[in-house]
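Encoded as structure tokens, the structure appears first; notes follow it.
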Amino acid sequence: MDAFTTHTGTAVPLRRSNVDTDQIIPAVWLKQVSRTGFEKGLFSAWREDPSFVLNNPVYDGATILLAGPDFGTGSSREHAVWAIQQYGFRVVIAARFGDIFRNNSTKMGLLPVILDAKIVEELQAAVEADPTTQITVDLTEREVRLGQDAWSFEIDDYTRWRLLEGLDDIGLTLRHADDIATYENGRQPWLPTTV
Amino acid sequence: MGRTLAEKVWEQHVVRRAEGEPDLLFIDLHLIHEVTSPQAFDGLRMAGRKVRRPDLTIATEDHNVPTVLGPISDPVSKTQVETLRKNAAEFGVRLHPMGDAGQGVVHIIGPQFGLTQPGMTIVCGDSHTSTHGAFGGIAFGIGTSEVEHVLATQTLPAYRPKTMAIEVSGELPVGVTAKDLILAIIAKIGTGGGQGYIVEYRGEAVRKLSMEGRMTVCNMSIEAGARAGMIAPDETTFAYLKGRKHAPTGADWDTAVEYWKTLKTDDDAVFDKVVEIDASVLTPFVTWGTNPGQGLPLGAAVPDPAEMADATERAAAERALEYMGLTAGTPLSEIEVDTVFVGSCTNGRIEDLRAAAEILRGRQVKTRTLIVPGSMLVKLEAEKEGLDKVFEAAGAEWRQAGCSMCLGMNPDTLQPGERSASTSNRNFEGRQGKGGRTHLVSPQVAAATAVTGRLTAPADLAVTA
Ligand code: SF4
């Protein structure tokens with residue numbers, strides 16, 4: 001996973017609430033067995049509509065997605081995160097996220113930032129007025145900045161540290177293999193196994 | 001202070017706890033299917049890692065499988081299923097492939113085998129893992145990175161979600177089902193209402209539900225945004241489990257039951273949030289929009305976005321009506337459908353099929369009607385009871401087990417503009433096929449709708465048929 005410290009870029013306003021992961025990447029795209037090539041599937045049903053915001057060339061090259069509330073609800077498919085990342089986004093800002101999507105994002109180094117709905121709307125309006133607007137998302141300071149304005153966001157210390165360092169969870173957990181073995185030895189013998 | 005059920009189960013599984021870090025949680029059962037696992041196995045291979053506990057892991061083929069006999073015709077689907085077979089063989093994981101008597105939707109087979117037991121932690125790369133919480137464990141969906149993590153370590157780092165009680169008082173009226181209850185709950189708290197919580201469903205109406213009904217309720221916890229849903233185990237739970245393939249036996253059974261009986265929220269425990277709902281006033285529920293929170297009693301009319309105070313909600317409703325091709329004010333019971341789907345991990349269990357068959361017995365369907373058992377075991381059981389004959393006599397299609405039209409990864413899909421009454425759990429845009437329009441309903445409403453061709457409660461059928 002790539003480390004995330006601070007990122008500055010332009011943004012796309014996606015003014016829709018409840019964008020579920022079926023919309024982010026429809027099921028037909030989930031049949032691949034590799035981890036790449038999902039950018040083509042990002043919002044694929046909506047991208048057929050020429051007026052869909054991602055089709056507007058003024059937003060080409062944007063790296064921050066300004067989404068409506070309850071972004072990434074529904075299915076657990078991590079393909080949604082891969083699609084957003086592979087399309088070029090590094091940050092998604094929304095008022096609320098689906099829990100699993102948010103979790104999946106932090107595993108992959110896509111930063112989910114929670115800001116008040118009013119602030120997200122302000123940012124969307126700013127970007128709509130001037131698509132070249134640069135937004136900075138600073139994980140070190142836990143801050144989103146636009147010009148003179150700055151808004152702080154919350155993220156737990158552990159996840160922040162992991163993202164800043166770009167650390168892989170499995171490696172971290174395997175340092176505690178002894179604890180796992182001890183726990184396993186204490187489990188009830190009648191618990192089911194699949195054998 | 002006492003503890004909630006969720007807290008008890010969580011604490012029981014903490015492998016390691018350190019200040020400022022998430023708990024490292026032991027996972028008792030890991031369910032695998034073909035869609036969310038290939039990249040996880042790839043990750044293991046690349047890092048030279050093994051599956052730590054193949055004996056706590058089980059795989060099935062469900063999302064891609066065709067529900068008519070014969071091989072998979074879509075080459076991409078086929079590759080995905082073959083990849084799972086290859087991975088299961090290489091890493092020593094038990095697999096129930098297509099055609100196997102144990103094959104079925106991942107959330108149906110776990111409970112059927114008795115692998116899902118009270119007090120366990122269960123995960124799967126699938127959001128409807130919440131289903132298994134019906135037995136009084138903590139069960140939740142994870143992404144592919146986490147699937148890889150569980151395969152490699154049999155643990156997950158996680159912060160304990162907050163706890164929410166949904167207290168369901170009163171009794172469900174006759175003809176009102178677990179599905180109607182959960183649709184009403186989601187309409188009440190919204191698709192984001194459960195975010196950050198483990199929900200415990202409590203109260204008289206919940207206690208009276210069968211295990212199938214409890215699974216239907218817990219299944220859709222995710223549709224209210226909750227990570228997991230759970231119901232304290234009781235005699236209904238024990239009776240369901242007794243004698244199943246992987247349930248404890250002999251003295252172990254008694255020890256297990258004794259422990260399971262401690263798995264309930266203490267009287268003096270405090271939930272972070274409490275929601276109350278009265279079951280006795282509920283009627284059959286259907287969704288009209290494109291998220292599961294957009295639901296109303298079947299007796300109501302399509303709502304008017306103009307009357308919605310909240311701007312975001314209004315915009316979402318306008319979009320939903322446009323997508324669904326509906327006009328505000330139309331009675332829901334006048335909406336005509338092209339297809340009826342009975343199945344999925346929400347309502348593809350034997351009890352659901354019995355309920356649908358009861359209504360279809362001696363009647364004829366007016367629409368294309370797909371009846372898809374949730375697993376091969378459900379299929380066998382239904383056929384033993386002659387339900388397949390009832391469906392076929394009514395003109396419905398009796399299919400092989402799988403996810404089928406719940407998400408349309410196999411050939412069972414809606415065409416653009418087609419409308420379904422579906423017993424599944426998601427009415428998202430395009431969920432059942434691009435441009436398809438979905439109304440979520442109970443198996444009873446699905447069957448009655450098949451008979452009239454428009455959204456219908458079984459009670460109305462008695463009069464009109
Ligand atoms: S039946 Fe539907 S919701 Fe359940 S696992 Fe299959 S696709 Fe997912």
Side-chain angles (χ1 to χ4, degrees), chain A residues 15-18 20-23 26-28 30-35 45-46 68-70 73-79 81-82 96-101 103-104 107-108 117 156-159 161 168-174 176-177 179-180 182-184 187-195, chain B residues 15-16 20-22 24 26 28-29 35-36 38-39 42 55-58 64 76-77 79-80 83 94 114-115 117 125-127 141-146 148-149 152-155 157 159 191-192 195-196 225 227 246 248 252 255-256 291 312 315-316 319 407-409 426 428-431 434:
Chain A
R15 285 192 182 262
R16 287 182 194 195
S17 61
N18 262 299
D20 54 77
T21 53
D22 273 78
Q23 305 318 315
V28 289
L30 310 187
K31 296 183 184 187
Q32 299 180 58
V33 293
S34 72
R35 231 182 234 267
W46 292 346
D70 299 309
T73 52
S75 156
S76 69
R77 56 188 75 166
E78 196 164 303
H79 314 66
V81 174
W82 304 336
R96 287 192 302 271
F97 287 95
D99 284 336
I100 305 180
F101 175 84
N103 228 2
N104 289 343
K107 305 287 173 194
M108 292 302 300
D156 70 88
D157 290 342
Y158 182 80
T159 306
W161 167 74
D168 156 26
D169 251 343
I170 298 180
L172 288 173
T173 298
L174 285 175
H176 308 299
D179 293 326
I180 301 174
T182 307
Y183 182 92
E184 283 175 325
R187 289 176 83 233
Q188 296 293 343
W190 45 262
L191 280 165
T193 68
T194 56
V195 287
Chain B
V15 167
R16 179 177 179 273
E21 291 182 29
L24 190 63
F26 193 80
D28 290 321
L29 180 65
V35 180
T36 53
Q39 296 87 352
D42 253 359
D55 61 326
L56 302 183
T57 312
I58 186 168
N64 279 283
V76 197
S77 287
T79 304
Q80 198 161 57
T83 304
R94 168 172 155 194
L115 283 167
Q117 295 176 17
D126 190 285
S127 59
I142 56 179
T144 299
S145 293
E146 290 176 309
E148 185 180 337
H149 192 284
T153 70
Q154 202 58 34
T155 64
Y159 289 102
T191 53
Q195 268 168 28
R227 199 67 198 280
H246 292 280
D252 281 347
T255 320
N291 76 55
T312 310
R319 257 198 72 81
L407 92 167
M409 271 184 90
R426 287 186 174 143
F428 298 157
E429 287 181 25
R431 170 80 175 178
K434 209 162 116 199

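Naming: A, B, ... by sequence-line order, numbering from 1 per chain.
- Interface remark: A:Arg35 contributes backbone and side-chain atoms alike to the contact with chain B (heavy atom separation under 4.5 Å).
- The shortest distance between side-chain heavy atoms of A:Arg77 and B:Thr144 does not fall below 4.5 Å.
- Annotation: side chain of A:Pro192 is in contact with side chain of B:Gln117 (closest heavy-atom distance under 4.5 Å).
- The CG atom of B:Asp28 lies 10.5 Å from the CD atom of A:Gln188; values are rounded to the nearest 0.5 Å.
- Taking each heavy atom of B:Ala316 and A:Ser17 in turn, the nearest pair found is CB-OG, 3.7 Å.
- Taking all atoms of both residues into account, the shortest heavy-atom contact from B:Thr312 to A:Pro69 is CG2-CG, 3.9 Å.
- Contact of A:Arg187 with chain B is made through the side chain alone, with heavy-atom distances under 4.5 Å.
- Put simply, the side chain of B:Gln80 gets close to the backbone of A:Leu30: a donor and an acceptor are under 3.5 Å apart.
- With a threshold of 4.5 angstrom between heavy atoms, B:Ala315 does not approach chain A through any atom at all.
- Comparing A:Ala45, A:Ala177, A:Ala27 by how many heavy-atom pairs each has under 4.5 Å with chain B, the most go to A:Ala27.
- Note that OG1 of A:Thr193 and CG of B:Leu29 are 10.0 Å apart. Values are rounded to the nearest 0.5 Å.
- Here the shortest heavy-atom pairing between B:Ala152 and A:Ile170 reads CB-CG2, 3.9 Å.
- Top candidate by heavy-atom pairs under 4.5 Å with chain A, chosen from B:Thr79, B:Asp126, B:Leu56, is B:Leu56.
- When heavy atoms are compared at a cutoff of 4.5 Å, A:Asn103 approaches chain B solely by way of its side chain, counted from C-beta outward.
- Across all non-hydrogen atoms, the minimal contact from A:Ser76 to B:Gly125 is OG-C, 3.4 Å.
- Contact tally against chain B (heavy-atom pairs below 4.5 Å) for A:Gly98, A:Pro26, A:Gly171, A:Gly74: the top residue is A:Gly74.
- Of the listed residues (B:Gly114, B:Gly408, B:Pro22), the one with the most heavy-atom contacts under 4.5 Å to chain A is B:Pro22.
- Taking chain A as the reference chain and counting heavy-atom pairs below 4.5 Å, the highest number among B:Leu115, B:Asp55, B:Asp252 is found for B:Asp55.
- Residues B:His246 and A:Val195 come closest through the heavy atom pair CE1-O, 3.8 Å.
- Looking at A:Thr73 and B:Gln195, their side chains come closer than 4.5 Å, going by heavy atoms from C-beta outward.
- Side-chain contact between B:Thr155 and A:Tyr183 is absent, with no heavy-atom pair separated by less than 4.5 Å.
- A donor-acceptor pair is defined here as one N or O able to donate and one able to accept, closer than 3.5 Å; no such pair exists between the side chain of A:Asp179 and the backbone of B:Arg16.
- For a residue to count as touching a neighbouring chain, one of its non-hydrogen atoms must lie under 4.5 Å from one of that chain's; by this rule A:Trp46 touches chain B with the side chain only.
- Heavy atoms of B:Asn291 lying under 4.5 Å from chain A belong exclusively to its side chain.
- In this structure, B:Leu24 and A:Ile180 have side chains that are in contact, with non-hydrogen atoms separated by less than 4.5 Å.
- Counting heavy-atom pairs closer than 4.5 Å to chain A, the top residue among B:Arg227, B:Glu148, B:Glu21, B:Arg426 is B:Arg426.
- Considering only heavy atoms from C-beta on, A:Glu78 stays 4.5 Å or farther from B:Glu146 through its side chain.
- A heavy-atom distance below 4.5 Å is found between the side chains of B:Pro157 and A:Asp169.
- Only the side chain of B:Thr83 comes within contact range of chain A, with heavy atoms under 4.5 Å apart.
- Looking at A:Gln32, only its backbone comes within 4.5 Å of chain B, counting heavy atoms on both sides.
- When A:His79, A:Arg96, A:Arg16 are compared by the number of non-hydrogen pairs under 4.5 Å with chain B, A:Arg16 comes out ahead.
- The side-chain heavy atoms of B:Val15 and A:His176, taken from C-beta on, include no pair separated by under 4.5 Å.
- Interface residue A:Ser34: only backbone heavy atoms are found under 4.5 Å from chain B.
- Side-chain N or O atoms of B:Glu429 include none that pairs as donor or acceptor with a backbone N or O of A:Gln23 at under 3.5 Å.
- Counting only distance, with no hydrogens or angles, the side chain of A:Lys31 and the backbone of B:Asn64 share no donor-acceptor pair below 3.5 Å.
- A donor-acceptor pair under 3.5 Å links the side-chain atoms of B:Arg94 to the main chain of A:Thr194, judged by distance alone.
- Proximity to chain B (any heavy atom under 4.5 Å) is shown, for A:Phe101, by neither the backbone nor the side chain.
- Most heavy-atom pairs under 4.5 Å with chain B, from the set A:Asn104, A:Asp157, A:Leu172, A:Thr182: that is A:Asn104.
- Rounding to the nearest 0.5 Å gives a distance of 9.0 Å between CG of A:Leu191 and CZ of B:Phe26.
- Heavy-atom minimum distance, A:Ile100 versus B:Gly141: CD1-O, 3.6 Å.
- Highest contact tally toward chain B, considering only A:Val28, A:Thr159, A:Asp168, A:Leu174, is held by A:Leu174 [criterion: heavy-atom pairs under 4.5 Å].
- Few gaps surround NZ on A:Lys107; more than 12 heavy atoms of other groups in view lie less than 6.0 Å from it.
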